[in-house]
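This report concerns only the one structure given below.
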Amino acid sequence: MAMPEKPVLEGLETKWDARWETSGTYAFRRDEATRETVYSIDTPPPTASGSLHVGHVFSYTHTDIIARFQRMLGKQVFYPMGWDDNGLPTERRVQNYYGVRVDPTLPYDPNFTPPNEGDGKTTKPADQLPISRKNFIELCERLTEEDEQKFEELWRTLGVSVDWKQTYRTISDDSRRTSQLAFLRNLERGEAYQSDAPTLWDVTFRTAVAQAELEDREQPGAYHTLLFTSQDGDLRIDTTRPELLPACVAVVAHPDDERYAHLIGSEVETPGFGVKVPFVAHPLAQPDKGTGVAMICTFGDTTDITWWRELNLPNRSVLGFDGRFVPEAPEAIATDAGLELYAEMAGKTVFSGRKTLVEALQSSGRIVGETRTITHPVKFFEKGDKPLEIVSTRQWYVKNGGREAEIRDRLIELGRTIDWHPDHMRVRYENWVNGLNGDWLISRQRFFGVPIPVWYGLDEDGNPDYDRVILPSPDQLPLDPSSDVPAGFTAEQRGVAGGFVGEVDVMDTWATSSLTPQLVGGWGGRDDELWNLLTPFDLRPQGQDIIRTWLFSTMVRSMFETGKAPWEHAAISGWILDPDRKKMSKSKGNVVTPQSMLEQHGSDGVRYWAASSRLGMDATLDPQNPKMIKIGRRLAMKVLNAAKFVYQMEGEAGDIANPIDIDMIGDLRDVIESATESLQDYDHAKALDTIETFFWTFCDDYLELVKERAYSGDPVGQGSAIRALRSAINVLLRLLAPYIPFATEEVWSWTNDGSIHLAKWPRIHDLPTSAQSRGMLSAVGEALIMIRRAKTDAKVSQKTPVARAVIEGPSETIGLMEQAASDLAAVGRIEDLQFVAANELGVGELEFVQQEEEASSERQTPLQVVPNEATPEQKAAASEEATQVLDLSELRAELDDDN
RNA sequence: GGGCCUAUAGCUCAGUUGGUUAGAGCGCCACGUUUACACCGUGGAUGUCGGGGGUUCGAGUCCCUCUGGGCCCACCA
């Protein structure tokens with residue numbers, strides 16, 4: 001391919017993405033693969049309905065660098081891409097985009113067309129058109145497909161070397177089948193079970209949520225002091241949730257609290273409702289909180305659940321699934337006044353129920369003192385807008401060690417079998433495992449997701465008997481129990497006494513994405529050969545925020561299925577912070593769209609920015625001034641230009657004979673060794689630093705130094721230089737290829753047929769000389785700097801000819817410099833270049849060294865070259881003197897004569 | 001309350017098992033258009049290594065402690 005007159009970065013993304021696609025550059029060549037030669041990646045599936053942000057670009061670049069490195073090492077890289085279309089984000093987006101909502105009672109309409117087709121408007125639920133579940137799911141599939149197209153375009157622009165034939169969607173038939181199969185196997189082995197128990201509940205979405213989906217938010221609240229009645233008279237109890245008083249089942253104090261010891265075992269009466277409840281003791285009660293006595297309600301918080309369980313208390317729930325007080329008062333409320341009070345609260349929300357109760361008790365004098373407002377952390381569903389309530393419902397769970405120490409220990413053990421990058425991320429995993437307080441709740445009362453594939457038998461009254469679980473046969477999968485019929489039944493028996501009813505819940509989105517290795521790897525009899533080829537996967541790359549969800553849940557599923565960890569390495573990327581060191585997020589309005597970033601600065605530049613951060617380290621990005629991206633762009637540009645410069649040198653490559661050429665290649669050998677080692681250790685940033693540092697030295701010093709010789713016509717010197725230059729460029733391109741794949745591929749194409757990304761990673765025995773570096777390049781670089789500085793100090797062009805120059809320094813350094821004397825003289829335009837050993841004190845104790853200043857009096861163009869070790873005073877003196885005697889007009893004249 | 005990470009030049013960051021005078025890039029200042037590169041080149045200035053204490057011949061590095069920043073978990077009466 002022809003080398004362009006003036007190489008540019010613009011357009012390289014489109015050009016090369018298309019060629020990589022048609023050439024199948026990144027295709028996984030299965031027939032050529034064995035487990036030993038495969039490098040398999042368990043790529044994170046981005047949420048299809050979200051938008052990609054710079055954080056994605058950041059972490060996917062990290063993964064891509066590893067993928068490209070491994071590919072160049074000769075591995076068959078299995079690098080798939082998946083999309084997570086399950087879950088609430090999709091559901092919500094579809095509701096708003098099409099203006100619809102699910103009504104599960106409606107029949108499927110095959111000719112349905114959505115009322116709206118546009119993004120950006122949030123329609124109110126009242127305006128949304130009710131449609132059947134199946135129609136809704138079809139819309140979800142349609143919209144996510146459109147989203148996935150956009151995502152793919154972005155990844156292609158970024159140069160992520162994914163094999164686009166290896167893609168999966170978590171809503172596809174295969175994925176649903178895999179997910180349901182894995183669930184049924186968990187069920188078969190007793191790892192999945194259903195239980196009717198208090199559950200954290202989001203009243204807006206009307207679904208149960210799992211521990212991993214919780215987050216605390218600071219909320220305003222208020223302490224009220226209620227007066228209960230004990231055998232001693234008034235008993236003061238502080239609470240922030242007075243509205244749960246009708247659900248009060250006991251009051252509790254710490255067993256060692258002497259103030260209340262005599263009351264333990266007695267009964268007290270609740271204010272307003274007149275219910276007698278036991279006074280119990282429990283170590284979780286904190287004497288210093290409030291009055292030291294707490295009321296136990298079903299259920300105000302998770303501590304209530306613990307008390308309720310451990311103290312074997314009755315359940316008097318008052319909040320319904322909609323977060324409102326249920327119509328019927330708990331049976332324990334028997335007084336007329338109590339029933340009347342409850343009737344006022346029934347049907348109200350938590351907020352107005354509280355108001356009603358507080359006003360009633362204040363007027364009857366059973367709330368005393370001032371209410372004290374506070375702010376305190378309250379549990380929320382991470383995607384929800386209202387505080388979670390706790391309701392008792394039947395739900396499906398998968399064991400995760402939250403209740404069994406033995407499972408926890410195995411999970412910790414498996415976590416130690418994988419290499420974490422960085423290593424301390426393992427601690428986060430272990431902290432999470434050790435802090436679990438319940439099994440994994442996988443059922444969700446939602447519509448879009450993978451259905452739980454079971455039915456229940458109906459008794460003779462037509463009520464479901466949840467103990468009679470009817471299971472499908474594996475060949476029925478994937479299935480939807482609300483439309484499919486279990487074996488041995490007919491469709492007419494659905495909902496009929498003695499018949500069956502389908503489970504209406506779907507699985508948590510993590511229940512499917514915890515199976516990404518299985519989804520993409522052909523598990524479950526779909527492709528056993530592939531599964532054996534890929535597992536355990538080599539790499540799980542992901543963000544640190546989803547260690548507790550994705551990483552953990554994948555580990556759980558793998559432990560139950562295989563008894564092993566699903567991967568050998570986990571690479572954890574950090575956050576993107578804005579200039580104020582805040583995590584970037586949509587709600588803060590400080591996000592930059594990756595598309596605009598890539599368009600504006602080019603993919604190689606953006607990749608460079610991402611690559612300069614180590615795994616696990618947060619990176620800053622100032623969208624107004626993306627410094628690192630600009631530097632990356634400059635590097636890519638320099639690669640194009642330096643390579644072009646080298647390739648346009650005419651002349652035959654000869655043997656590497658010149659000492660400086662040998663030494664440069666020797667330095668390059670060290671770079672290859674160091675960069676390879678870093679990359680094998682998943683330290684892409686360190687490798688890049690090593691490569692880049694050498695590359696700039698190569699351009700600024702070596703290339704400048706030898707270019708005169710490369711053009712000289714001296715067959716030996718020229719041949720050596722050209723050979724060295726071409727070898728070095730060739731190696732440097734390959735070293736940089738994982739980082740800046742577009743610029744390097746462009747340059748590679750000028751002199752090669754195949755893709756650089758399928759070229760072999762450089763090895764030291766490929767170099768044209770096996771000699772070790774003696775540090776000549778850096779010594780000569782020093783000399784170059786001295787010469788340049790002298791000219792800069794003299795305020796003359798670097799091109800200015802010099803009659804005589806003397807370089808001083810320690811004899812060892814001088815010796816190295818001397819071997820490049822002719823190159824130095826050529827680049828410095830020095831007629832008479834001499835080297836003088838300075839006294840032995842040299843390095844280390846410079847301030848005592850008296851440097852002799854050399855000056856040529858000939859032709860009155862003195863150039864003083866002062867070794868870098870000189871003190872600032874000496875430098876100043878030298879420069880001053882030189883300036884004084886310098887005849888600039890004469891210099892200019894000489895320069896003009898040259899031209 | 002428990003845990004993890006982090007603090008080095010104005011900014012973003014390197015700094016290996018402790019070892020001469022702590023580095024790079026950006027920015028800044030000065031100079032310069034040279035057989036590729038103005039999306040450019042050359043050179044220069046820039047530090048209480050967050051504070052305090054300790055170990056050591058020697059500490060940015062190891063230990064203790066305090067402080068700031070970030071994150072996770074627990075608490076939620």
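Below, chain A is the first sequence line, B the second, and so on; all start at residue 1. As a basis for the values below, the full set of heavy atoms in this structure was taken, side chains included, without hydrogen atoms, waters or symmetry mates. Everything numeric here is computed off the predicted structure, so don't read it as measured data.
Annotation: B:G19 and B:A45 have their P atoms spaced 25 Å apart (nearest Å). Taking atom C1' in both B:C26 and B:C63, the straight-line distance is 36 Å, to the nearest Å. Nucleotides B:C73 and B:G15 are separated by 29 Å at their P atoms, to the nearest Å.
Using a 3.5 Å distance cut-off with no hydrogens or angles, the side chains of A:R726 and A:T751 do not pair a donor with an acceptor.
Here A:R788 does not reach the OP1 or OP2 of B:G32: none of its side-chain N or O atoms lies under 4.0 Å away. Residue A:R789 places at least one side-chain N or O under 4.0 Å from the OP1 or OP2 atom of B:G44. One finds a side-chain N or O of A:R634 lying less than 4.0 angstrom from the OP1 or OP2 phosphate oxygen of B:C26. A:K638 has a side-chain polar atom (N or O) that falls below the 4.0 Å cut-off from OP1 or OP2 of B:G41.
Relative to the side chain of A:D618, the nucleotides B:U12, B:G70, B:A74 differ in distance, and B:G70 lies closest.
Residue A:Y223 is classed as a sugar-phosphate contact, given heavy-atom separations below 4.0 Å to backbone atoms only. Heavy atoms of A:R426 sit nowhere under 4.0 angstrom from any nucleic acid atom. Residue contacts shown for A:T303 are limited to sugar-phosphate atoms, with no base heavy atom under 4.0 Å away.
Looking at which nucleotide of RNA chain B each of A:L9 and A:H376 is closest to, the 5′-most match is held by A:L9. Residue-to-nucleotide proximity on RNA chain B shows that, of A:M628 and A:T693, the 5′-proximal contact is made by A:M628.
With respect to A:R633 and A:E10, a salt bridge is recorded, a charged nitrogen being found less than 4.0 Å from a carboxylate O. Here A:R241 does not pair with A:D304 in a salt bridge; the nearest charged N to carboxylate O distance is not below 4.0 Å. Of the charged side-chain nitrogens involved, none lies within less than 4.0 Å of a carboxylate oxygen, so that A:E677 and A:K686 do not count as a salt-bridged pair. A:E708 has a carboxylate O that lies under 4.0 Å from a charged side-chain N of A:R829, or vice versa, which qualifies the two as a salt bridge.
Side-chain atoms of A:D216 come within donor-acceptor range of the base of B:C75, with a qualifying N/O pair under 3.5 Å. No hydrogens or angles were tested; on distance alone, nothing pairs the side chain of A:E692 with the base of B:A24 as donor and acceptor under 3.5 Å.
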Only Watson-Crick and G-U wobble pairs with both distances less than 3.5 Å should count. Give RNA chain B in dot-bracket notation, marking inter-strand partners with |.
(((((((..((((.....[...)))).(((((.......))))).....(((((..]....))))))))))))....
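A stacked arrangement is assigned to A:Y711 and the six-membered base ring of B:U35, with a centre-to-centre distance below 5.5 Å and an interplanar angle below 30°.
Between A:K791 and A:G828, the shortest heavy-atom contact is NZ-O, 2.7 Å.
Every residue two or more places apart in sequence or in another chain that forms a salt bridge (charged side-chain N to carboxylate O under 4.0 Å, His left out) with A:R416 is listed here: A:E430.
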